[in-house]
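In what follows, every heavy atom counts, from backbone to side chain, and hydrogens, waters and symmetry copies are set aside.
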Amino acid sequence: MGRGKIDIKLIENVNNRQVTFSKRRVGLLKKAGELSVLCDSEVAVIIFSSTGKLFEFSSTSMKQTLSRYNRCVASTDNSAVEKKSEEVFCLLSPSAQRMNCEQFCSTLKLFPTAVDTRYYVNSSQDNEQPQLQQQTHVLKQEQKEMDSLKGELAKLKTKQLRLLGKDLNGMGLNELRLLEHQLNEGLLAIKERKEELLIQQLDYSRKQEERSALECETLRRQARDAFFFVSILYSQ
């Protein structure tokens, strides 16, 4: 039976949406890698999740591919501007056509070719700004989480040392009293657990002793019966 058709719309369930995103992202990046190998092509894929996390794939180098893309976009836009200027130039009168192309562009208040190139390069750089800002924001968030985890780890290490009676120099009187109270509560809990284990061991030993006594009594009875049986045989 074939697979049912899936409606292409937003998945409302957050868990299902995350699972679908993970599966399809892996499949997309895998297909991109296969395309680059099978067709000897330069492939780059950039994905931002709904939480802002970046996923990327590049068959060569992401920076190199983006630079190549920006150059192609700038070249295409420049060619389109020049072609449009030539079309308008051809529609003018012969006297206007005898004007220099650069003067013509200036007359129409258009940018010369060199200025157009800088304009489109700057435009491509402006398009990169949101992506760079997004990546910087993600990196800052990850760095912030890492610093927070490092701080929590340092606090746990300090707490562990103080519970062992070490690194007490920076503690005040109230903190020492609180630590003493915590240690006393810990000692009470340890003693209670120790007493429970001792009671369990004593109960186990008592049961073993009763079992051994019962086995001894059974063996004694069997020996007595055997002795009595042997005595009867010899008396006959």
Side-chain angles (χ1 to χ4, degrees), residues 1 3-4 6 10-31 33 47-57 135-236:
M1 185 175 181
R3 185 176 179 180
I6 300 176
L10 178 65
I11 301 175
E12 299 296 337
N13 187 281
V14 178
N15 294 329
N16 294 341
R17 188 191 309 163
Q18 184 63 31
V19 171
T20 302
F21 173 77
S22 299
K23 290 182 178 180
R24 299 217 171 193
R25 170 176 54 81
V26 172
L28 176 60
L29 298 182
K30 181 180 178 182
K31 291 295 183 182
I47 304 173
F48 284 100
S49 67
S50 58
T51 59
K53 190 172 182 181
L54 171 65
F55 301 92
E56 63 180 47
F57 166 82
Q135 294 177 5
T136 304
H137 177 70
V138 173
L139 290 175
K140 287 183 178 179
Q141 288 294 113
E142 293 179 351
Q143 184 65 36
K144 185 177 180 180
E145 293 178 0
M146 187 179 298
D147 293 339
S148 177
L149 291 175
K150 287 181 179 179
E152 293 294 331
L153 181 60
K155 290 180 181 179
L156 290 175
K157 288 182 177 179
T158 303
K159 186 175 181 180
Q160 182 182 13
L161 290 174
R162 290 177 176 177
L163 290 175
L164 295 174
K166 302 177 181 179
D167 194 17
L168 303 178
N169 294 330
M171 299 184 66
L173 183 60
N174 293 331
E175 292 177 337
L176 289 172
R177 287 176 178 173
L178 179 61
L179 179 62
E180 183 182 10
H181 179 69
Q182 292 175 348
L183 290 174
N184 288 332
E185 288 184 349
L187 288 173
L188 289 175
I190 292 173
K191 288 180 180 180
E192 290 178 359
R193 180 55 181 167
K194 184 178 179 181
E195 290 176 358
E196 290 179 0
L197 292 175
L198 288 174
I199 292 173
Q200 292 177 2
Q201 290 181 358
L202 289 173
D203 186 58
Y204 178 78
S205 299
R206 181 180 56 80
K207 290 181 179 179
Q208 286 291 103
E209 185 179 358
E210 292 177 354
R211 190 179 294 106
S212 298
L214 181 61
E215 291 178 355
C216 289
E217 182 64 25
T218 302
L219 291 174
R220 192 180 297 112
R221 188 182 303 111
Q222 291 176 353
R224 186 171 56 249
D225 293 342
F227 179 77
F228 179 73
F229 180 73
V230 172
S231 298
I232 291 176
L233 290 178
Y234 276 107
S235 64
Q236 293 178 354

Could you walk me through whether Leu183 and Leu179 pass the side chain to side chain contact (heavy atoms under 4.5 Å, CB included) test, one step at a time?
CA-CA 6 Å; Leu183 290 174; Leu179 179 62; 4.2 Å; yes

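For the side-chain hydrogen bond (donor to acceptor under 3.5 Å, both in side chains) with Asp147, the lone residue among Gln143, Lys150, Lys144 that qualifies is Gln143.
A salt bridge links Asp203 with Lys207: the distance from a Lys NZ or Arg NE/NH1/NH2 to an Asp or Glu carboxylate oxygen falls below 4.0 Å. Lys191 has no carboxylate O lying under 4.0 Å from a charged side-chain N of Glu195, or vice versa, which leaves the two without a salt bridge.
Judged purely by atom type and a 3.5 angstrom limit, Ser205 uses its side chain to pair as donor or acceptor with the backbone of Gln201.
Taking the side chain as every heavy atom from C-beta outward, Thr136 and Lys140 approach each other to under 4.5 Å. Side-chain contact between Asn16 and Ile11 is present, with heavy atoms from C-beta onward closer than 4.5 Å. Between Gln141 and His137, the closest side-chain pair of non-hydrogen atoms falls below 4.5 Å.
Of the inter-residue distances, the one linking Ser212 atom OG with Glu210 atom CD reads 10.0 Å to the nearest 0.5 angstrom. How far CD1 of Ile47 is from CZ of Arg24: 12.5 Å, rounded to the nearest 0.5 Å. Annotation: the span from Thr20 atom OG1 to Asn15 atom CG amounts to 10.5 Å, rounded to 0.5 Å. For the atom pair CZ of Arg224 and CD of Gln222, the computed distance is 10.5 Å after rounding to the nearest 0.5 Å. Atom CZ of Arg193 sits about 4.0 Å away from atom CG of Leu197, to the nearest 0.5 Å. Rounding to the nearest 0.5 angstrom, the gap separating the CG atom in Leu173 from the CZ atom in Arg177 is 4.0 Å.
Other residues, nucleotides and ligands place no more than 12 heavy atoms under 6.0 Å from the CD atom of Gln160. Around atom CD of Glu209, no more than 12 heavy atoms belonging to other residues, nucleotides or ligands sit under 6.0 Å away.
For Ser49 against Phe21, the heavy-atom pair with the smallest separation is CB-CZ, 3.6 Å. Looking at every heavy atom in both residues, Arg17 comes nearest to Glu12 through NH2-O, 3.3 Å.
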